[in-house]
Amino acid sequence: MNATRRARELSLRGIILGALITLVFTASNIYLGLKVGLTVASSIPAAVISMAVLRAMGGSSILENNIVQTQASAAGTLSCVFASLPALIMVGYWQHFPFIETALLSAAGGMTGVLFTIPLRRAMVTESALPYPEGVAAAEILKAGEKDTSPVALRALTGGGVIAAIVTFASGGLRLLADEASVTLSWGHAIFRGSCGFSLAMLGAGYLVGIEGGLAMLLGAVMAWGGFVPFLTAHEANPAHLGPDAYATGVWMHDVRFIGAGMIAVASIWTLGCMMGPIIGGIRASLRAAPAGGRPDDGGDLPLRQVGLLAAGISVVLTGMFIAFLAPFGGVTAGTVGLALTGTACCMLIGFLVAATCGYMAGIVGSSSSPISGIAIVAVILIASLFIGMRALGLFPASVGEHGGIAFCLYILSALIASAAISNDNLQDLKTGQLVGATPWRQQVALLIGCATGALVIPPVLNILYQTYGFVGYLPHPGMDPTRALAAPQPALLMMIASGIFLHQLDWNMLAIGGVLAVATIATDLLLRRRGRSLPPLAVGIGIYLPPAVTVTLAVGALVGWICNRRTAPSLTGSSQVGTMLASGLIVGESLMGVALSAVAGFAGRDSALSILPAGVPAIVPEMAGAMVFAGMCVWFIRYVLHAR
């Protein structure tokens with residue numbers, strides 16, 4: 001019986017199915033991340049797909065389904081490297097995303113995230129009271145599916161995907177619908193701007209974010225575009241004599257966004273400080289309880305000896321990659337080797353702290369709401385400041401220079417983000433496994449496989465999206481439509497911070513304003529929590545630095561979710577599950593159609609190859625059409641969830 005159970009837990013067909021699901025969610029998360037700066041956890045939709053496919057094949061078990069969702073969610077989460085790798089193009093180091101360097105760095109960084117959280121499992125999962133909301137939800141769905149896979153939930157996932165794909169084809173392909181609409185107003189020299197996007201993926205993402213996070217981000221957008229931007233445009237000169245819209249956008253991008261970065265950094269440090277005691281206690285308890293060796297089939301974790309050997313191997317790989325990265329700057333010298341070893345030490349030491357922090361925060365607020373962006377900002381400041389200190393002491397190779405130092409800082413950061421993202425997801429999956437009776441070491445093997453398979457998908461998807469759309473301010477080909485460029489907010493922000501520190505051009509005043517504002521928001525949040533409410537400081541900071549159309553659309557999605565939850569009695573197998581599946585379907589459908597349109601545009605050589613919009617049509621026409629379709633989809637979403645059976 002035990003052998004049968006284990007054979008059906010980590011099976012070849014499950015690994016293959018997990019790899020196929022990986023293709024879907026990695027591509028969709030990269031697209032969503034570059035478009036709006038957010039990703040969503042893929043555990044729940046992966047579990048639903050796995051249950052449907054394996055049941056059709058026959059002989060499936062809850063443990064096999066759990067392995068599939070574990071592998072797929074890890075690979076989908078690894079796509080968070082979108083937050084830093086494009087910055088290497090923005091600083092001019094890369095002209096495209098080289099396959100080996102991108103895939104190997106993503107895989108190595110992700111695998112360190114798996115290894116770092118293995119010693120934390122006992123204290124943070126088995127012996128912890130942390131809620132792990134997404135891990136518990138995935139476990140309940142797996143348990144319900146063991147009895148009877150909900151056809152309503154599966155229809156919601158596929159139906160939402162098909163509808164979102166059709167709408168995206170009409171907007172991004174045929175160009176009959178606009179992606180967003182905005183209004184810019186001037187009062188004297190002050191410029192105000194209001195925007196709303198019509199992305200169904202953002203609608204679904206807002207539903208998953210929740211009402212408190214959505215309203216907090218909306219507050220950040222109002223502060224940015226109703227307060228900071230008007231104030232700065234009224235008191236600063238417009239030397240280039242730009243139009244109101246372009247000038248306001250430039251002020252937001254180069255000044256106001258750093259206020260959001262300061263808020264995120266301080267809020268992240270506050271969160272880390274609040275959790276440091278439990279984190280240290282959890283690490284100590286895990287190290288005391290973990291066996292020093294033994295067989296992996298004892299039902300526990302991978303033995304620490306094997307974990308150590310894997311970590312040593314990954315360290316060697318990272319060091320070799322870093323040396324190869326620095327070789328163009330004066331060859332392989334003692335200085336570049338020393339700098340490469342410093343980079344590896346950052347990945348291992350800072351990476352372990354980041355993994356513990358992200359894992360603990362995910363246990364409290366869930367993977368989708370865990371502030372990886374804030375952790376990335378803190379990490380890039382630490383790494384860049386470390387390199388500046390080394391340069392002052394004469395330990396930084398002069399041949400590398402400022403440009404090489406900025407690029408290397410961002411390269412190291414990419415490995416750290418991969419590690420943070422995986423650890424953010426890993427403990428959620430292990431919590432799901434605990435609740436369904438899975439074997440921890442088998443899940444950990446599945447997570448390592450997920451990192452390897454996901455890393456193979458990342459480079460081609462990044463290349464397709466960049467060559468087709470480009471990033472805002474960075475278009476690879478002349479004549480491309482800048483309005484279709486992907487916002488890529490995190491890479492742009494991290495690039496500006498790293499460059500600002502190295503070149504001594506960082507506007508610390510804006511960061512300081514953001515820090516003071518974060519302190520005030522934290523104090524407000526503490527007061528509100530006494531009344532059972534909250535104002536997440538991280539979400540407010542995110543609302544300031546995300547484009548306004550993104551923030552407003554996310555808030556609309558959060559409001560839709562709030563209406564659905566107010567009108568129903570949520571249950572994991574009822575309307576709440578249907579809403580989650582429908583939101584996930586909208587995200588996956590739009591994202592995959594976006595990638596498909598990228599491939600078409602790449603073959604055609606232009607991004608408007610499928611456009612049938614007649615020339616000379618006023619912009620207001622597709623904007624009104626897009627707004628009407630988006631409003632109709634909001635109403636349909638609510639009605640679908642409320643009438644789900």
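Residues take their numbers from the sequence shown, with the count starting at 1.
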Quiz item: How would you list, by chain and number, every residue that makes a ring pair (Phe, Tyr, Trp, His ring centres under 6.0 Å) with Y640, sequence neighbours excluded?
Solution: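 For Y640, the residues satisfying ring pair (Phe, Tyr, Trp, His ring centres under 6.0 Å) (neighbours in sequence not counted) are W636.
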Side chain to side chain donor-acceptor pair (under 3.5 Å) with [X]: which residues, sequence neighbours excluded?
| X | value |
| --- | --- |
| N66 | Q69 |
| T551 | none |
| S106 | none |
| T102 | none |

Quiz item: Is there any salt bridge (Lys or Arg N to Asp or Glu O under 4.0 Å) pair reaching into residues 10-29, and which pairs are they, with sequence neighbours excluded?
Solution: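 Non-adjacent pairs meeting salt bridge (Lys or Arg N to Asp or Glu O under 4.0 Å): R13-E64.
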Review item, side-chain donor-acceptor pairs of residues 307-314, under 3.5 Å, at least two apart:
none

Quiz item: Any luck finding a side-chain donor-acceptor pair between Q434 and K431 under 3.5 Å?
Solution: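 Their side chains do contain a donor-acceptor pair, which is all the 3.5 Å distance test asks for.
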Results of side chain to side chain contact (heavy atoms under 4.5 Å, CB included) for [X] - residues two or more places apart only:
| X | value |
| --- | --- |
| L535 | A216, L219, T521, T524, D525, L528, V540 |
| L456 | F99 |
| I15 | L10, Q71, I449 |
| S315 | T344, M348 |

Quiz item: Can you check whether V114 reaches C451 side chain to side chain, under 4.5 Å on heavy atoms?
Solution: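 Yes, close enough: below the 4.5 Å cut-off.
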Self-check item: Distance-minimising heavy-atom pair for E590 and A201
Solution: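 Looking at all heavy atoms of both residues, the shortest contact is OE1-N, 2.8 Å.
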